[in-house]
Colleague: 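Mind looking over this structure? Questions follow.
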Number of protein chains: 2
Amino acid sequence: MAKSIGLKTAELEKISHLDYFNIALSVDCVIFAYDEKELKVLLIKSDLEEFSGMYSLLGDLVRLDEDLDAASYRILRERTGMEDVFLEQVHTFGSINRHPSGRVVTTAYYSLIDVKHHNLRLNNNELHWHSVKGIKKMAFDHKTILDTCLNRLREQSMEHPVVFNLLPEKFSLRELQELYEAILSVELDRRNFRKKIAIKDWLIDLNQMEEDVPHRPGKLYKLKPEFRKKTNRKKSSENNIVSV
Amino acid sequence: MAKSIGLKTAELEKISHLDYFNIALSVDCVIFAYDEKELKVLLIKSDLEEFSGMYSLLGDLVRLDEDLDAASYRILRERTGMEDVFLEQVHTFGSINRHPSGRVVTTAYYSLIDVKHHNLRLNNNELHWHSVKGIKKMAFDHKTILDTCLNRLREQSMEHPVVFNLLPEKFSLRELQELYEAILSVELDRRNFRKKIAIKDWLIDLNQMEEDVPHRPGKLYKLKPEFRKKTNRKKSSENNIVSV
DNA sequence: TACATAATATGTACTTACAACACATTATTA
DNA sequence: TAATAATGTGTTGTAAGTACATATTATGTA
């Protein structure tokens, strides 16, 4: 019996497969996008009888020869054709009975993509964008996973410049505000919103105007390049001290 | 080949064990305590040749019949004798080569315990408290795991009343401030610290005084019972809106 | 061409939190 | 009883958060 993870190779070989190696590991991706002033998530109809008619997240088992993070990137690439996408691990769900076919522990990631991006190609007719607000039930524990990732997105969106991954490169402040309102499910005061964004100093004024809008066009902005990293996961070496 | 996690039972049985069921799943616990004005972590000497002389976190493989969270509670109970302890999942580490003996993906938890608690019994002479500041190298990727958990603790400690799990039931404001200073590695202004704590309204004034201190005794406080939950992990149903 | 419309753009007053900083009080101990 | 060492408290300036109103500009219509 292995009391610590510090297993010698010989010990590891002796461990019963039935005891320890029947747990499968999967990743599930909560792929968010923003379209028609609503936050959307990419779902597929579940192919399990137990969940017939219900939708599930996009996931797959982790392969023996791929990193956990790589597995989630692979799902995203296979399903959407997108590379270099914002993707961040959120939580691992490991209840015994979360999967009806066996013991499957899953690590959830959330991703933010531009629904208008020219590389976006959904690989499957069964894949559809669903308004996050309208989703009640899902297959497995995927509703819990979705809610957990949505909460993470809400937390992150205030602190870090992540939501720009949901927008095209150029956008107006109105579009940005509508996006925040969709994510947070609140209405925001325009003047205070603009002040808060200005303080954060994330944006570059492009000195261009919106076109093809049926009203006075607004200025266009883009995210400063230094914030265009695709993940904001803290490196372990960074000490982010918060002052008391 | 399983394209989605929605595997039918028959499909799942056909999956090659070599491809998918050779990934073992473990949990590792970063058990923090506070003693002699320093933040400590409970470590054990690694029993692997590759890491001889190095220390590692406390962990074990997850059993087929136990929830992921239950596995981390089990480690904690087996190693410290403590029940009802603050424990929270932080991150899952899944690099291919993180474990020299095979593919082991590990989910890290962090725990906060009172080093003076009467139930605390270290089960093993090899278990020792180490000052977090002094730790340079560890076995496996455990230094990275430790740093990640320390960062999480730092974030949480400002927002949520978690650090009280590191203190005895009754404590003075000086002790609390010294604890925050140890966790954050900063010096804090006494007046501003007390003001901030007062605003949070976490504490009850016990109308008791410190004893056996070699100076003017300070007032004793305890945490309000409504904050004495052992985990502050958000339930997925909670919508914590942050206003822009 | 001018007028009504609808959205952009911006500023002020109030309140609340944050940061820097000094002095009186109370046990202890020498 | 005097010196020491820590507790306990308040003010002021600065920065951010919140509530709120008016002028401006392009569009579209009469």
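Order of the sequence lines fixes the chain letters, A, B, ..., with proteins taken first and strands second; residue numbering starts at 1 for each chain.
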Colleague: Would you indicate which nucleotide in C:dT29, C:dA9, D:dA26 comes nearest to any side-chain atom of A:Pro217?
Modeller: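 For A:Pro217, the side-chain atoms sit closest to D:dA26.
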Colleague: What is the separation between atom CG on B:Asp189 and atom C1' on D:dG10, rounded to the nearest whole Å?
Modeller: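 Atom CG in B:Asp189 sits about 12 Å away from atom C1' in D:dG10.
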Colleague: If you check the B:Arg190 side chain, which of C:dT8, D:dC20, D:dT9 turns out closest?
Modeller: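 Selected nucleotide: D:dT9.
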Colleague: Taking the side chain of A:Arg216 as heavy atoms from C-beta outward, which of D:dG8, C:dC21, C:dA9 is closest to it?
Modeller: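 Selected nucleotide: C:dA9.
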Colleague: Grab the CD-P distance between A:Glu210 and C:dA9 for me, whole Å please.
Modeller: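 It is 8 Å, rounded to the nearest whole Å.
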Colleague: B:Arg191 side chain N/O closer than 4.0 Å to the phosphate oxygens (OP1, OP2) of C:dA20?
Modeller: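 No, because none of the side-chain N or O atoms of B:Arg191 sits under 4.0 Å from OP1 or OP2 of C:dA20.
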Colleague: Please pick, from C:dA19, C:dA7, C:dG11, the nucleotide with the shortest atom-to-atom distance to any side-chain atom of A:Arg174.
Modeller: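 Nearest to the side-chain atoms of A:Arg174, counting from C-beta on, is C:dA7.
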Colleague: Rounding to an integer number of Å, can you tell me how far A:Phe193 CZ sits from D:dC20 P?
Modeller: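 Answer to the nearest Å: 20 Å.
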Colleague: If you measure from the Lys or Arg side-chain nitrogens to the Asp or Glu carboxylate oxygens, is any gap between A:Lys116 and A:Asp114 under 4.0 Å?
Modeller: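 The answer is no: the pair does not qualify as a salt bridge.
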Colleague: Hey, which sits more toward the 5' end of DNA chain D by its nearest nucleotide, B:Pro214 or B:Lys219?
Modeller: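 Its nearest nucleotide being more 5', the pick is B:Pro214.
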Colleague: For A:Phe171 and C:dT8, what is the distance between atoms CZ and P respectively, to the nearest whole Å?
Modeller: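 That distance rounds to 15 Å.
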Colleague: Heavy atoms from C-beta onward define the side chain here; which of D:dT18, C:dT10, C:dA20 lies closest to that of A:Lys195?
Modeller: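 That would be D:dT18.
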Colleague: Over 60° means perpendicular and under 30° means parallel, so classify the ring planes of B:His128 and B:His130, tilted if in between.
Modeller: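 Perpendicular: the ring planes of B:His130 and B:His128 meet at over 60°.
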Colleague: Report the distance from atom NE2 of A:His215 to atom C1' of C:dA9, rounded to the nearest whole Å.
Modeller: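 So the NE2-C1' distance, A:His215 to C:dA9, works out to 14 Å.
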Colleague: Take B:Ile145 and B:Met138 through the test side-chain contact (heavy atoms from CB on, under 4.5 Å) and record every step on the way to the result.
Modeller: CA-CA 10 Å; B:Ile145 296 178; B:Met138 294 180 69; over 6 Å; no
Colleague: Quick one: on DNA chain D, does A:Ile199 or B:Leu173 contact a more 5' nucleotide (nearest heavy atom)?
Modeller: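 Comparing both residues, the 5'-ward one is B:Leu173.
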Colleague: Can you check whether B:Arg154 reaches B:Met158 side chain to side chain, under 4.5 Å on heavy atoms?
Modeller: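 No. Closest side-chain heavy atoms not under 4.5 Å.
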Colleague: Fit a plane to each ring of A:Phe171 and A:Phe164, take the angle between them on a 0 to 90° scale, and name the class: parallel (under 30°), tilted (30 to 60°) or perpendicular (over 60°).
Modeller: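 Because their plane-to-plane angle lies in the 30° to 60° range, the rings of A:Phe171 and A:Phe164 count as tilted.
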Colleague: Quick one: which of D:dT7, D:dA19, C:dC18 gets closest to the side chain of B:Lys196?
Modeller: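 The answer is C:dC18.
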Colleague: Rounded to the nearest Å, what distance is computed from the CE atom of residue A:Met209 to the P atom of nucleotide D:dT24?
Modeller: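 Distance check: A:Met209 CE to D:dT24 P gives 16 Å.
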Colleague: Could you check how far CZ of B:Arg194 sits from P of C:dC18, rounded to whole Å?
Modeller: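 So the CZ-P distance, B:Arg194 to C:dC18, works out to 18 Å.
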Colleague: Measure from the side chain of A:Asn192, starting at C-beta and using heavy atoms only, and say which of D:dC20, C:dA7, D:dG8 lies closest.
Modeller: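 Of the candidates, D:dC20 comes closest.
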Colleague: Please report, rounded to the nearest Å, how far the P atom of C:dT8 is from the CG atom of A:Asp205.
Modeller: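 In whole Å, C:dT8 P and A:Asp205 CG are 15 Å from each other.
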